[in-house]
Undergrad: 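Pasting in a structure now, in structure tokens, and then I'll have a few things to ask.
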Amino acid sequence: MTDLKELLLSRIRDVADYPEPGVVFKDITPLLADPAAFTALTDALAEIAVRTGATKVIGLEARGFILGAPVAVRAGLGFIPVRKAGKLPGATLRQTYDLEYGSAEIEVHAEDLSAGDRVLVVDDVLATGGTAEASLQLIRRGGAEVAGVAVLMELGFLDGRARLEPALKGAPLEAVLTV
């Protein structure tokens with residue numbers, strides 16, 4: 001696991017003052033461009049999906065799509081995109097959540113979730129936990145069970161884990177990296 005973490009960390013670039021002054025953005029595009037690193041990450045996340053007994057993977061817009069889809073394929077599971085509100089046609093379930101500077105909405109196709117599904121949420125970063133928490137509410141509103149949340153990296157200093165743990169109701173939260 002140490003080798004995996006070293007490989008992944010070596011492919012994540014820090015971008016100072018992006019998207020605003022004082023923020024250090026964690027750019028994963030170098031990791032995605034490296035087939036060995038991307039494959040290693042996909043394998044690690046797919047192992048979490050299998051271990052949690054997931055039957056489907058949700059990817060959160062937008063980088064969660066990039067990570068979640070290959071994880072679902074590798075684990076032999078279905079993939080469900082959770083989008084920003086207004087991006088999906090047809091009947092959807094919508095969830096509003098608070099941000100530091102306002103609110104946002106995400107949605108999923110209503111028919112993509114059903115009783116008997118165990119859903120793993122996959123994303124690139126756990127920051128404050130708001131989007132992930134809203135996705136857990138969507139999963140349950142769709143009649144499915146939360147298998148857990150798996151992320152490439154957790155930004156520990158933002159304390160998103162503390163916000164997310166009550167909403168997980170005992171389901172695991174796994175981060176490949178914690179920074």
Side-chain angles (χ1 to χ4, degrees), residues 4 7-8 11-12 26-97 104-127 129-154 160 164 167-177:
L4 171 64
L7 172 63
L8 298 177
R11 302 303 189 272
I12 297 170
K26 299 293 188 184
D27 180 14
I28 67 166
T29 57
L31 186 156
L32 299 173
D34 180 328
F38 194 13
T39 298
L41 174 61
T42 300
D43 289 346
L45 293 171
E47 189 276 324
I48 293 168
V50 170
R51 185 167 19 88
T52 61
T55 59
K56 292 185 179 171
V57 171
I58 272 184
L60 302 179
E61 188 166 343
R63 290 179 298 262
F65 296 175
I66 297 168
L67 301 182
V71 167
V73 169
R74 181 66 50 100
L77 307 174
F79 176 76
I80 302 169
V82 168
R83 305 280 326 255
K84 294 175 183 168
K87 301 287 186 179
L88 293 172
T92 61
L93 298 173
R94 185 175 288 193
Q95 185 65 46
T96 301
Y97 61 100
E105 291 181 311
I106 56 172
E107 61 186 14
V108 64
H109 277 130
E111 71 271 8
D112 288 348
L113 296 167
S114 59
D117 287 335
R118 285 186 47 80
V119 183
L120 179 71
V121 176
V122 173
D123 205 5
D124 65 328
V125 174
L126 175 64
T131 309
E133 181 182 33
S135 73
L136 300 181
Q137 293 169 334
L138 281 177
I139 290 166
R140 291 188 178 108
R141 284 181 47 218
E145 184 181 339
V146 174
V149 174
V151 296
L152 163 59
M153 79 184 106
E154 177 180 351
L164 197 54
L168 283 163
K169 298 181 182 179
L173 166 57
E174 298 194 38
V176 178
L177 304 171

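Below, each value reflects all heavy atoms present in this structure, side chains not excepted, and no hydrogens, waters or symmetry copies. In what follows, residues are counted from 1 in the order of the sequence shown.
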Undergrad: Decide yes or no for Pro30 and Ile12: does some side-chain heavy atom of the first lie under 4.5 Å from some side-chain heavy atom of the second?
TA: no

Undergrad: List the atom of Val108, the atom of Pro81, and the distance in Å for their closest heavy-atom pair.
TA: CG2-O, 3.9 Å

Undergrad: Using side chain to side chain contact (heavy atoms under 4.5 Å, CB included) as the criterion, point out the one residue from Val125, Val176, Leu126, Leu8 that pairs with Met153.
TA: Val125

Undergrad: Determine yes or no for a side-chain-to-main-chain donor-acceptor pair under 3.5 angstrom, with Asp117 supplying the side chain and Val119 the backbone.
TA: no

Undergrad: Evaluate the side-chain proximity of Ile139 to Val121: yes if any heavy-atom separation is below 4.5 Å, no if none is.
TA: yes

Undergrad: May I have the step-by-step check of side chain to side chain contact (heavy atoms under 4.5 Å, CB included) for Phe38 and Ile66, ending in yes or no?
TA: CA-CA 10 Å; Phe38 194 13; Ile66 297 168; 4.1 Å; yes

Undergrad: Out of curiosity, Glu174 CD to Thr52 OG1, how far, rounded to the nearest 0.5 Å?
TA: 7.5 Å

Undergrad: What I'd like to find out is whether the side chain of Gln95 reaches to under 4.5 Å of the side chain of Glu105, using heavy atoms alone.
TA: no

Undergrad: Between Ile58 and Phe79, which heavy-atom pair has the shortest distance, and what is it?
TA: C-CE1, 4.3 Å

Undergrad: Evaluate the side-chain proximity of Arg140 to Glu145: yes if any heavy-atom separation is below 4.5 Å, no if none is.
TA: no

Undergrad: Would you check if the side chain of Lys56 reaches a backbone N or O of Asp112 as a donor-acceptor pair within less than 3.5 Å?
TA: yes

Undergrad: Checking the side chain of Thr39 only, and the main-chain atoms of Ala36 only, is there a donor and an acceptor separated by less than 3.5 Å?
TA: no

Undergrad: To the nearest 0.5 angstrom, please state how far the CZ atom of Arg11 sits from the CG atom of Asp27.
TA: 13.5 Å

Undergrad: Please report the shortest heavy-atom distance between Phe65 and Val82, naming the atom on each side.
TA: CE2-O, 3.5 Å

Undergrad: Among Arg94, Lys84, Arg83, whose salt bridge (Lys or Arg N to Asp or Glu O under 4.0 Å) with Glu107 holds?
TA: Arg94

Undergrad: Please say which of Leu60, Ile48, Val57 ends up in a side chain to side chain contact (heavy atoms under 4.5 Å, CB included) with Val122.
TA: Val57

Undergrad: Evaluate side chain to side chain contact (heavy atoms under 4.5 Å, CB included) for Glu47 paired with Arg74, printing each intermediate quantity in order.
TA: CA-CA 9 Å; Glu47 189 276 324; Arg74 181 66 50 100; over 6 Å; no

Undergrad: Look only at the side chain of Thr55 and the backbone of Arg118, and say whether a donor-acceptor pair between them is shorter than 3.5 Å.
TA: yes

Undergrad: Which heavy atom of Leu4 sits nearest to which heavy atom of Leu41, and what is that distance?
TA: CD1-N, 4.4 Å

Undergrad: Would you give the length of the straight line joining atom OG1 of Thr92 to atom CD1 of Ile106, rounded to the nearest 0.5 angstrom?
TA: 11.0 Å

Undergrad: Could you point out which residue of Asp123, Val151, Asp124, Thr42 forms a side chain to side chain contact (heavy atoms under 4.5 Å, CB included) with Leu67?
TA: Asp124

Undergrad: Ignoring hydrogens, what is the shortest heavy-atom contact between Ala54 and Leu120? Give both atom names and the distance.
TA: CB-CB, 3.9 Å

Undergrad: Taking all non-hydrogen atoms of both residues, which atom of Gly78 and which atom of Ala72 are closest, and how far apart?
TA: O-CB, 3.8 Å

Undergrad: Look only at the side chain of His109 and the backbone of Ile80, and say whether a donor-acceptor pair between them is shorter than 3.5 Å.
TA: no

Undergrad: With heavy-atom distances below 4.5 Å as the criterion, would you say the side chains of Val149 and Leu136 are in contact?
TA: yes

